Amino acid sequence: MVRKSVTAIALLALALAGCTTTSSEGGGTQVSTQGVTDTEIYIQGFGPITGPASWVGLGNRDGFALAVKEINAAGGVHGRKIRFEFHDDAFQVAQAQQVARRIIQQDKPFMVYAGTGSTTFLAVADQLRQSGLPVYNGFSGSEAARKTPEVDNMFHGEAVSTKWVAPSIADMVADNLKATRVAILHEDGEWGRTLCAQVATELQGKSGLQVVANETYPAAGNDFTGQLVAIRNANPQVVVNCGLFPAAKIILRQARELGLKAQFVGDAGQANATVWTGNEAAAEDWLFNWYEPQFLTDTTGAQGEFLQKYKAEYPSAPTGRPNHADNFSYTAAYLLKSALEEAGKDLTAEKFIEALAAVKDARPTPISPNVSCANERHECFVDLVWMRIQGGKAVPVDDAGLAQIAGKVSGS
Amino acid sequence: MTVIQLLVNSLTLGAIYALVALGLVLVFKSSDLVNFGAGDWVLAGAYIALALLTAGLPLYLVLILAPLGGALMGLVIDRAVFRRIMSASPWTFVVASLAVGGLLRELAVLRYQSNHFPFPPVLSRDPVEVLGVRITPQNLWVLGATVVVVTALLLFFRYTTYGRALEAVAQNRVGAQIVGINLSRALMVTWALAGAVSAVAAVLIAPSTDVSPEIGLLLVKGFVAAALGGLDSLEGAVMGGVAVAAIETFTQVYLNQAAVDVVVYGLLLVVMWVRPAGLLGRRVVRRV
């Protein structure tokens, strides 16, 4: 009886081992090929399409889907059509882990497009790495989710890491605006919390600068009076806000209502037209960083053409769409398509990863910044630019504009 | 001056919580039922207003038509759902109210997904300073409108035959029927009123929060406000709303963000212990 049980367990273990498509040995992850037929390449994505962070998943889903539709209409990749499906993680860690398990164990796509925020991506990043599937992190800028050297199968997209964003913000505050009293305000999610922690560290290295307040707010909150009054009492010249645009809009409005006159500086997570639409006076001169050659609302050039295509595909999209997730995922889909093409007709995960890791100085779409994935961190995007709101519009900040804002800061 | 400024800001936030709480109190006061989907009724009111706005109607007309749309929604829900379970157990109603709320939310998501739609303010958001305290005309509008809604409901329940009849239904359905009150009609009026008040709350709240499914989450704070003030007290809903907002704001400033919910829920438990019916409530809620 005992022998039979042992045999059964051994057989079961062998069977399970046989079902596993990947293995982790000595810290390296073995990649695996699945989800490819003669006619189809199967890509799965996930992100929050419900809940307070739904704009993240909706943008990632819709931008990617628009590109896939165009790619398939143009004949696909080496004759294969791309099939794209997107799952809702509701920006909940438990749900994201469940979705990741389902994708890895049940759906078995060729690759995974992670269109979720930092909190949830961080919760599933190791699971995805160990799966051996090619993974493209389209939207998390969390440094904690990156590893150096990166394992072979994971790449990071247009949401630039906090490792690069934090020094950029600190330099803007200390070197360009020449502020000496700075307040830090950040959401309680992974992105805002870790970004502002790194900004605070960077600011410590700036001589003559003092962080006079450090306040946290709930990412899904709709009243920030308490935090703003505490900051106002500390009398800063500049407030660095690390978070996302739904809160940023209310924060700028309430800061003005409360008479907080400090200069606000934000990150690209807040770069959305809803922040200043109908909120122009409160948002005037607001500074934020951005990742692409043109801003989302620019109706000229490549972005203007993209807007037309987007509105034709999604006619009922509200103000603020396309958001940066739409733009990032649209470019991501074309970047992945170019790597799929480069990998050749005899597509394997290894060839695809090799092709993606070799991308250098590319522009997958006309709206895209420069892309180079050929680095040990597999970070495909690192470009940052600064924007300001001027007359109710987002414009790139030039030296004259910066000098004007710096003058205001030094006089405050 | 900071303390006064915080109090003024708490009033505006408190008005938002109070408006959500009013929907709960109104139903409880006139039917002895707790609508666990009340947050989603506000959400539905917001989407009705959004639909009217995107259809090109001017804002003033939206402010008039949205409450009418809300009332119509209440009538339909009463006819389709609540009337059919009128004599079932309170537990059945709890489940039905949750299901109705969920259905309203998912219908909105089906049509609009989970996008955030900005909603225009009625008045300016440029602050004016009065005796060193800053407040915006829009916030004054929200406060004023909340006072008008509460006063109108108070007058309705205190001085109209129908208002008194609704309270009688809540206190004793059988007795109310014996004295000639038409129960079906009374409940129909209750749900129509609840729909209208939810839509009023929605158009007052939406400029601060945008129109999105998250509006429904305000139910949690609305529920705390209603329980704190007393589930059968309209004045209690307002007092509870303002109290919750003030506690949140002052805790944030003088303690920290992480302590906010601990203080709010802790205080609610203390109030429940000392006055189970809430600060201004008259009746103890029955166990269901």
Side-chain angles (χ1 to χ4, degrees), chain A residues 48-59 61-62 88 90-91 186-188 214-218 220-233 245-246 249-250 253-260 272-282 314 316-321 323, chain B residues 2-3 5-10 12-14 16-17 50 54 105-106 109 111-121 124-129 132-136 138-139 205 207-215 217-218 221 245-246 248-258 260-261:
Chain A
I49 54 176
T50 57
S54 57
W55 59 272
V56 172
L58 291 172
R61 182 193 67 184
D62 294 347
D88 182 18
F91 209 45
H186 63 88
E187 59 152 9
D188 54 6
N214 195 330
E215 294 287 326
T216 309
Y217 61 86
N222 51 39
D223 183 82
F224 307 100
T225 302
Q227 291 87 343
L228 293 169
V229 167
I231 285 175
R232 192 185 68 178
N233 292 345
F245 72 83
K249 166 184 169 175
I250 303 173
R253 192 174 71 226
Q254 290 188 332
R256 181 174 155 81
E257 289 172 10
L258 290 164
L260 176 55
N272 190 277
T274 58
V275 175
W276 55 89
T277 305
N279 205 23
E280 287 80 3
Y314 307 111
S316 58
T319 304
R321 296 284 306 276
N323 60 34
Chain B
T2 297
V3 172
Q5 182 70 63
L6 289 175
L7 280 172
V8 168
N9 283 78
S10 299
T12 314
L13 181 62
I16 289 175
Y17 293 162
L50 179 70
T54 49
R105 184 173 62 251
E106 293 309 319
V109 171
R111 169 67 182 85
Y112 293 100
Q113 303 190 4
S114 295
N115 283 306
H116 285 236
F117 292 85
F119 196 85
S124 165
R125 281 176 171 147
D126 288 338
V128 289
E129 197 164 315
V133 176
R134 296 166 72 92
I135 189 161
T136 67
Q138 171 64 17
N139 286 351
I205 293 168
S208 301
T209 60
D210 290 347
V211 177
S212 78
E214 278 72 68
I215 282 191
L217 300 177
L218 284 168
K221 292 295 162 62
E248 285 185 347
T249 306
F250 280 86
T251 305
Q252 163 57 37
V253 174
Y254 295 109
L255 287 176
N256 61 54
Q257 176 63 37
V260 167
D261 283 345

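Labels below follow one simple rule: chain letters A, B, ... track the order of the sequence lines, proteins then strands, and each chain is numbered from 1. Keep in mind it's a predicted model, so treat the numbers as computed, not measured.
Heavy atoms of D62(A) lying under 4.5 Å from chain B belong exclusively to its side chain. There is no contact between P121(B) and chain A, counting heavy-atom distances below 4.5 Å. In this structure, chain B has a heavy atom under 4.5 Å from the side chain of E215(A), while its backbone stays farther away. With a threshold of 4.5 angstrom between heavy atoms, T274(A) approaches chain B through side-chain atoms but not through N, CA, C or O. The contact between T136(B) and chain A is made entirely by side chain atoms (from C-beta outward), counting heavy-atom distances below 4.5 Å. Of the atoms belonging to N323(A), not a single heavy atom falls under 4.5 Å from chain B. With a 4.5 angstrom heavy-atom cutoff, R253(A) touches chain B only via side-chain atoms. At a 4.5 Å heavy-atom cutoff, the contact between L58(A) and chain B is made by side-chain atoms alone. Contact of P218(A) with chain B is made through backbone and side chain together, with heavy-atom distances under 4.5 Å.
Heavy-atom pairs under 4.5 Å with chain A peak, among T209(B), L218(B), D126(B), at D126(B). Contact tally against chain B (heavy-atom pairs below 4.5 Å) for L258(A), T216(A), T277(A): the top residue is L258(A). Among the candidates A230(A), P52(A), P48(A), P246(A), the residue making the largest number of heavy-atom pairs closer than 4.5 Å to chain B is P52(A). Between chain B and the options A281(A), G226(A), A282(A), the largest number of non-hydrogen pairs under 4.5 Å is found for G226(A).
Contact record, L228(A) with A255(A): CD1-N, 3.6 Å, taken as the closest heavy-atom pair. When all heavy atoms of G51(A) and S114(B) are compared, the closest pair comes out as N-OG, 4.4 Å.
Expressed to the nearest 0.5 Å, how far CD of Q113(B) lies from OG of S316(A) amounts to 7.0 Å. Interatomic distance, CD1 of I16(B) versus CD1 of I215(B), reported as 9.5 Å (0.5 Å rounding).
E257(A) places no side-chain N or O within 3.5 Å of a backbone atom of R125(B) that could act as its donor or acceptor partner. Here the side chain of R105(B) pairs no donor or acceptor atom with the backbone of P213(B) at under 3.5 angstrom. Distance alone, capped at 3.5 Å, places no donor-acceptor pair between the N139(B) side chain and the I135(B) backbone.
Applying the ring pair (Phe, Tyr, Trp, His ring centres under 6.0 Å) test to F224(A) and every residue at least two apart in sequence or in another chain returns Y217(A). With sequence neighbours excluded, the residues forming a ring pair (Phe, Tyr, Trp, His ring centres under 6.0 Å) with Y112(B) are Y47(B), F117(B), listed by chain and number.
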